[in-house]
Amino acid sequence: FPSESLLDHIPALILEISEYVRDPAGQAIAANTAILDKARELGALRHGQGASLHQVLREYQVLNGVLVTFLVEEIEQLTTPPSAADGIALVSRLNQAINVLSQATVESFVTLYTNTIAEHKDRLEQFTRMAAHEWRQPLSTLQFGISLLRRFNLDADRRERTLATVERNVQHLVDLTLKLETV
């Protein structure tokens with residue numbers, strides 16, 4: 001497992017699964033809010049660690065495989081093994097528990113992932129608005145300067161100042177473009 005924090009969650013999940021499998025008449029695992037919260041925390045933890053949804057699902061598959069192997073080994077050591085129907089019911093309850101917990105983990109993971117995407121989208125939209133604003137100012141100055149140069153008979157001094165302003169704004173746009181490329 002990728003971290004010690006993950007190791008704090010797995011034993012709690014395994015203990016709850018074993019209680020659920022052991023007591024068929026007891027509380028359904030889907031009704032146990034404490035263990036569902038632990039599964040949700042696991043989803044948040046794996047999201048924070050940058051895991052993929054595929055990894056999270058694969059981890060539950062591995063956990064399920066380990067627990068089924070454990071059950072089979074334990075059943076093989078019994079002097080009087082359970083009936084096939086009891087064995088199948090036991091594995092079915094184990095799979096049901098894993099499914100409920102993995103669903104809670106995945107829902108938490110996907111919710112956080114969706115929120116992250118929305119935050120990135122908002123930041124990109126803000127950046128785009130800011131970049132467009134930064135581009136509009138020198139473009140407006142350029143448009144005005146060009147219209148001055150075309151419409152009016154400017155004296156040489158005024159013409160040079162207008163050309164200098166146009167040149168500064170062109171350079172400003174070049175600088176903005178280079179910064180944008182860097183970003």
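Both backbone and side-chain heavy atoms feed into the values below; hydrogens, waters and symmetry mates do not.
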### Query
When you check the side-chain N and O atoms of Gln126 and Asp122, is any donor under 3.5 Å from an acceptor?
no
### Query
So how far is it from Ile98 CD1 to Leu63 CG, rounded to the nearest 0.5 Å?
4.0 Å
#### Entry: Pair Arg58-Gln61, side-chain donor/acceptor within less than 3.5 Å
yes
### Query
Going by the salt bridge (charged side-chain N to carboxylate O under 4.0 Å, His left out) test, which pairs reach into residues 123-134, not counting sequence neighbours?
Lys121-Glu125
### Query
So which pairs with a foot in residues 152-174 pass salt bridge (charged side-chain N to carboxylate O under 4.0 Å, His left out), sequence neighbours left out?
Asp157-Arg161
#### Entry: Path from Leu139 to Val170 over hydrophobic side-chain contacts below 4.5 Å
yes
### Message
Could you tell me if Gln103 and Glu107 have a donor-acceptor pair between their side chains, going purely by distance under 3.5 Å?
### Response
yes
### Message
Whether the side chain of Asn99 engages the backbone of Asn95 through a donor-acceptor N/O pair (distance < 3.5 Å, no angle test) should be reported.
### Response
yes
### Query
Side chain of Thr116, backbone of Leu112: donor and acceptor closer than 3.5 Å?
yes
### Query
Are the side chains of Val106 and Tyr113 in touch, meaning some heavy atoms are under 4.5 Å apart?
no
### Query
Any side-chain donor paired with an acceptor under 3.5 Å for Thr141 and His172?
no
### Query
Hey, is the main chain of Ala39 close enough, under 3.5 Å, to the side chain of Thr105 for a donor-acceptor pair?
yes
